[in-house]
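Reviewing the structure listed below.
Worth knowing before you read on, the calculation uses all heavy atoms, side chains too, and leaves out hydrogens, waters and symmetry mates. Predicted, not measured: the structure shown is a model, and the values here were computed from it. Residue numbers begin at 1 in each chain, while the letters A, B, ... track the order of the sequences.
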Number of protein chains: 2
Amino acid sequence: MNAERRKPVLTNKEAFVKKVSKEILSGKWRTGDKLPSEREYAAETGFGKTVIHSGFEQLAAMGLVDIKPKSGIYVADYMKTGSIDTLNAIINLRGNELGRDVIEAILDLRLAIEGMALRALCSRRSDEDIAHLCAMTEELKKRSSAMGEEELAESFFLWHREICILSRKSVLTLFMNTTHDVSIAFWVNYIRLFGIAFAIKRLERFIELIQARDGEGAYQLLAVGIAEYLAKLEM
Amino acid sequence: MNAERRKPVLTNKEAFVKKVSKEILSGKWRTGDKLPSEREYAAETGFGKTVIHSGFEQLAAMGLVDIKPKSGIYVADYMKTGSIDTLNAIINLRGNELGRDVIEAILDLRLAIEGMALRALCSRRSDEDIAHLCAMTEELKKRSSAMGEEELAESFFLWHREICILSRKSVLTLFMNTTHDVSIAFWVNYIRLFGIAFAIKRLERFIELIQARDGEGAYQLLAVGIAEYLAKLEM
DNA sequence: TATGCTAACTGGTCGGACCAGTTCAATTCT
DNA sequence: AGAATTGAACTGGTCCGACCAGTTAGCATA
């Protein structure tokens, strides 16, 4: 009934980052507003000043705030200056309630990234690569019934990331990892909409195309999958 | 607002992160190796334990290390698990000496990102958008002779980012920002190879095409620019 | 040899102290 | 009265030393 599986504990810093993220993303403050000082937050939350300081550094890295030393911490114009981390923060806080245009842009990007990887892999794949992908798929098929929603999504993410890794285009792997949180949200929805059996069938079809060195076919399959997903969202 | 002045000083944390980044990227340790403890680094560097701890958090965010609480800090398999931040770290340490394949992948991605933005902007641009881009370009032209290499690169980055902003596709802006460090390295090289006059001419050509709502033309111009750059690299 | 327990070690946190710029209102000078 | 100056309060950045709670490895025991 209870069966906690997520990280049961949240480090103080994570808790603080989450708290302030919420405050900012919920619109409690506007762009340019000066936030309470680190000391005030420390007093309010009961956390140490160290944790608050470190937390603000992370928020700055996420693009949500601007730190002006000796002056204060200000809400950044994060939709202009933010990065993927900002997007990840939004996703982690708002869940899967993303605008259609946002989803579309993300998927277009994934198409660009993985499409490149697929083409490269098709032209250089070895038999070991195929065997490796087959083994991964079998493993996934075997364990899928015992997996939770997010765990499944993670597995599909890892499967597709493997395409990037095997393609030997390390930059693509790095980009792929960058879209991790966003991708998880996608796969959770995808599996809900199409079912696990269908999703696995797709993986096997990918393997066939890679084995046949059909780069264009593999790219098209990826594009079709994304288009189908978007079409289903419409309904 | 833009063209941020260089900070002459390096904060202790930044110095530490740089030091350890170098140690890892130079291959002093191998994937999975256990690093000295925070306390040891604190003693060695003379920095406070707080700074070392915070530094390791940043290194973990960059994907260079795995922190296992109560156990130790281990060198991560960052080429598999890293993100764009990892790439940025590599670029900032190695300078512009990137492999051809890396550059190619990055530029392909930029083409995908900005290409989407250009098409969107062409179909929705207002007269204000055009005026805004013209003003930016004029400003750049006027100040270009007094600007340093990196400052120029930053300006070109901001100009192209403006395309994403004006396209109203906020996700693209976020992605664009994610590639900031990588893009700066590109623009520095680009301006070296083609000269500032040519580069500005290109910006003006972009404005013409956007004004004419020629999305395909703008996309092609972008693609051509990248192809030219890669061709020149060849020589 | 296998097992179990202890003690050292680790990252995570806290709070106080100090530093050096920033800010702004009260003060001083013109 | 208005402009320039000063200074005290406040800010982020850093360091320290102590403590907490899991991890780990070595030593003693069976």
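- For NZ of A:Lys18, the number of neighbouring non-hydrogen atoms (other residues, nucleotides, ligands) closer than 6.0 Å is 12 at most.
- Among the atoms of the strands shown, only primed sugar atoms or phosphate atoms (P, OP1, OP2) are found under 4.0 Å from some heavy atom of A:Glu40.
- For the salt bridge (Lys or Arg N to Asp or Glu O under 4.0 Å) test with A:Glu139, the passing option among A:Arg143, A:Lys141, A:Lys142 is A:Arg143; the others fail.
- Residue A:Phe56 is classed as having no contact, given no heavy-atom separation below 4.0 Å to the nucleic acid.
- If A:Gly46 and B:Gly72 are placed on DNA chain C by their nearest nucleotide, the residue sitting closer to the 5' end is B:Gly72.
- Positionally, the nearest nucleotide of DNA chain C for A:Asn12 lies more toward the 5' end than for the other of A:Asn12 and A:Tyr74.
- Proximity of B:Thr11 to the phosphate of D:dG13: no side-chain N or O atom is located under 4.0 Å from OP1 or OP2.
- Between the NZ atom of A:Lys49 and the P atom of D:dA18 there is a distance of 21 Å, rounded to whole Å.
- Residue A:Thr50 is classed as a base contact, given a heavy-atom separation below 4.0 Å to a base.
- Along DNA chain C, the stretch of nucleotides lying under 4.0 Å from any heavy atom of chain A spans, 5' to 3', C:dT13 to C:dT23.
- You'll find the ring centres of B:Phe186 and B:Tyr229 inside the 6.0 Å limit.
- For B:Ile67 and D:dT23, the CD1 to P distance is 16 Å, given to the nearest whole Å.
- Within residues 29-38 of chain A, no residue has any heavy atom under 4.0 Å from DNA chain C.
- Contact of the B:Thr179 side chain with the B:Leu109 side chain is not registered, since no non-hydrogen atoms from C-beta on lie closer than 4.5 Å.
- Using a 4.0 Å cut-off between charged nitrogen and carboxylate oxygen, B:Glu114 and B:Arg161 do not count as a salt-bridge pair.
- Taking the six-membered ring where tryptophan is involved, the planes of B:Phe206 and B:Trp159 are tilted, since the angle between them lies from 30° to 60°.
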Evaluate the criterion ring-ring contact (aromatic ring centres under 6.0 Å, His included) for residue pair A:Tyr190 and A:Phe156; output intermediate values, then yes/no.
CA-CA 10 Å; A:Tyr190 186 89; A:Phe156 274 85; 7.5 Å; no

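- Sorted pairs that involve residues 167-191 of chain A and meet salt bridge (charged side-chain N to carboxylate O under 4.0 Å, His left out), not counting sequence neighbours, are lacking altogether.
- Atom CD of A:Glu57 is separated from atom P of D:dG13 by 7 Å (rounded to the nearest Å).
- Proximity of the aromatic rings of A:Phe47 and A:Tyr41 is defined here by a centroid distance below 6.0 angstrom, and this criterion is not met.
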